[in-house]
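Atom set for the values below is all heavy atoms of this structure, side chains included, hydrogens, waters and symmetry mates excluded. In what follows, residues are counted from 1 in the order of the sequence shown.
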Amino acid sequence: MAGEINGTAIVLNNTTGVIVGQGDFTHTFGGTPIEIGNKSYGDNVTYLDGELAGKQHVFSGELTYNNDAQFRKVRADALSGTQDTYTLTFTGSGTTTDESFSGSFVPTGLSDSIPQGAKVATTISFNSSGTVTHTAAAD
């Protein structure tokens, strides 16, 4: 397939603009359609067009454990429930402008994998709180 994006090139920045980490991430967007059905629609379920309730973006993935101050801040924020502005950018897409998602997120679900004799990895999720700005990829 032409024009695919290398999924390993994901960069996570915080409010300072400093790179928090790079790693393997999953982006999930959830929202619930708003039902507006009534007797005039008969027995059919009908949803409000162009609207969702409970919209939320969740980024979850793995970063290599390190001693960088911004990485340590993310860990502290996860332990305290502190929100910050984060931007997740899909990079390395060649001639295509990189796609990104930016907004207020709370890091949660902190988990460390500490194998003997191998790199330590931190798995973490970033749950959006409020509006997320999406910058679409462009040719």
Side-chain heavy atoms of E99 within contact of T89, under 4.5 Å: no
Approximate separation, where rounding is to 0.5 Å, of T122 OG1 and L110 CG: 6.0 Å
Near-ring test F71/Y65, centroid separation under 6.0 angstrom: yes
Over all atoms of both residues, closest heavy-atom pair of Q83 and S104: OE1-OG, 2.9 Å
Short side-chain donor-acceptor distance under 3.5 Å, T123 and S111: no
From K119 atom NZ to S113 atom OG, the distance as rounded to the nearest 0.5 Å: 9.5 Å
Student check: side-chain heavy atoms of Y86 and D77 closer than 4.5 Å: yes
Euclidean distance, N14 CG relative to F105 CZ, rounded to 0.5 Å: 12.5 Å
Residue pair L63 / F25, side-chain heavy-atom distance below 4.5 Å: yes
Pair D112 + R75: basic N to acidic O under 4.0 Å: yes
Residue D43 excluded, over 12 heavy atoms near CG under 6.0 Å: no
Residue pairs passing the side chain to side chain donor-acceptor pair (under 3.5 Å) test where at least one lies in residues 46-63, sequence neighbours excluded: H27-H57
Linked, directly or transitively: V132 and V74 (ILVMFWY side chains, under 4.5 Å): yes
Ion pair K73/D84, N-O distance below 4.0 Å: yes
Distance (rounded to the nearest 0.5 Å) between L48 CG and I34 CD1: 5.5 Å
Value rounded to 0.5 Å, distance of CG in N13 from OG in S100: 9.5 Å
Verify same cluster id: L52, V45 (apolar side-chain graph, 4.5 Å): no
Close side-chain approach of F59 to F101, heavy-atom, < 4.5 Å: yes
Non-hydrogen atoms of V106 and T82 that approach each other most closely: CG2-O, 4.0 Å
T108: partners by side chain to side chain contact (heavy atoms under 4.5 Å, CB included), with sequence neighbours left out: S125, N127
